[in-house]
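First up is the structure itself, then whatever we jot down about it.
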Amino acid sequence: MTIDAADPKGGADVQDVTNVVAHLVDEFHGMVPESLVAMTVQTARKDLAGQIAPEAMDEMLHCLVRYRLGRSLTGGR
């Protein structure tokens with residue numbers, strides 16, 4: 001899995017993103033491929049960049065990705 005470098009304008013750093021991916025891979029083990037988790041984290045990080053305080057990025061990233069992956073499993077319901 002490849003994680004892009006941090007957004008120099010205040011996004012999560014690589015370690016934060018890697019931790020979010022690792023936690024969600026464990027949480028969705030057997031339900032969602034690791035590559036989809038990593039891609040969803042990267043997309044969510046880009047969506048959140050510049051929208052929230054940098055110190056809140058890892059928590060908000062985790063919540064948003066968990067929500068998106070959960071919705072993908074339920075077909076958007």
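The shown structure was predicted, so the numbers you read here are calculated from the model rather than taken from an experiment.
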Compare every heavy atom of [Y] with every heavy atom of [X], then report the nearest pair and how far apart it is.
| X | Y | answer |
| --- | --- | --- |
| M57 | I52 | CA-CD1, 3.7 Å |
| V37 | V21 | CG1-O, 3.9 Å |
| L61 | V41 | CD1-O, 3.6 Å |
| M31 | L73 | O-CD2, 3.7 Å |

Please list all pairs passing the ring-ring contact (aromatic ring centres under 6.0 Å, His included) test where one or both residues lie in [range], with sequence neighbours left out.
| range | result |
| --- | --- |
| residues 33-53 | none |
| residues 39-59 | none |
| residues 37-60 | none |
| residues 26-65 | H23-H62 |

- Task: Enter the distance from L36:CG to L24:CG here, rounded to the nearest 0.5 Å.
- Result: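 Here the interatomic distance stands at 11.0 Å.
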- Between atom OG1 of T40 and atom CZ of R45, what is the distance when rounded to the nearest 0.5 Å?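 So the OG1 of T40 and the CZ of R45 are separated by 13.5 Å.
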- Task: Report the residues that fulfil side chain to side chain contact (heavy atoms under 4.5 Å, CB included) with D47, sequence neighbours left out, ordered by chain and then residue number.
- Result: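 By the side chain to side chain contact (heavy atoms under 4.5 Å, CB included) rule, D47 matches T43, R68.
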- Query: Mind checking what makes side chain to side chain contact (heavy atoms under 4.5 Å, CB included) contact with S35, not counting sequence neighbours?
  - Reply: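 With sequence neighbours excluded, S35 shows a side chain to side chain contact (heavy atoms under 4.5 Å, CB included) to P33, given in chain and number order.
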- Just jot down the salt bridge (charged side-chain N to carboxylate O under 4.0 Å, His left out) partners of E27, sequence neighbours excluded, or say none.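 Counting only residues at least two positions away or on another chain, E27 forms a salt bridge (charged side-chain N to carboxylate O under 4.0 Å, His left out) with R66.
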- So if you build clusters from Ile, Leu, Val, Met, Phe, Trp, Tyr with side-chain heavy-atom gaps below 4.5 Å, do L64 and M39 land together?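 The answer is yes; both residues are in one hydrophobic cluster.
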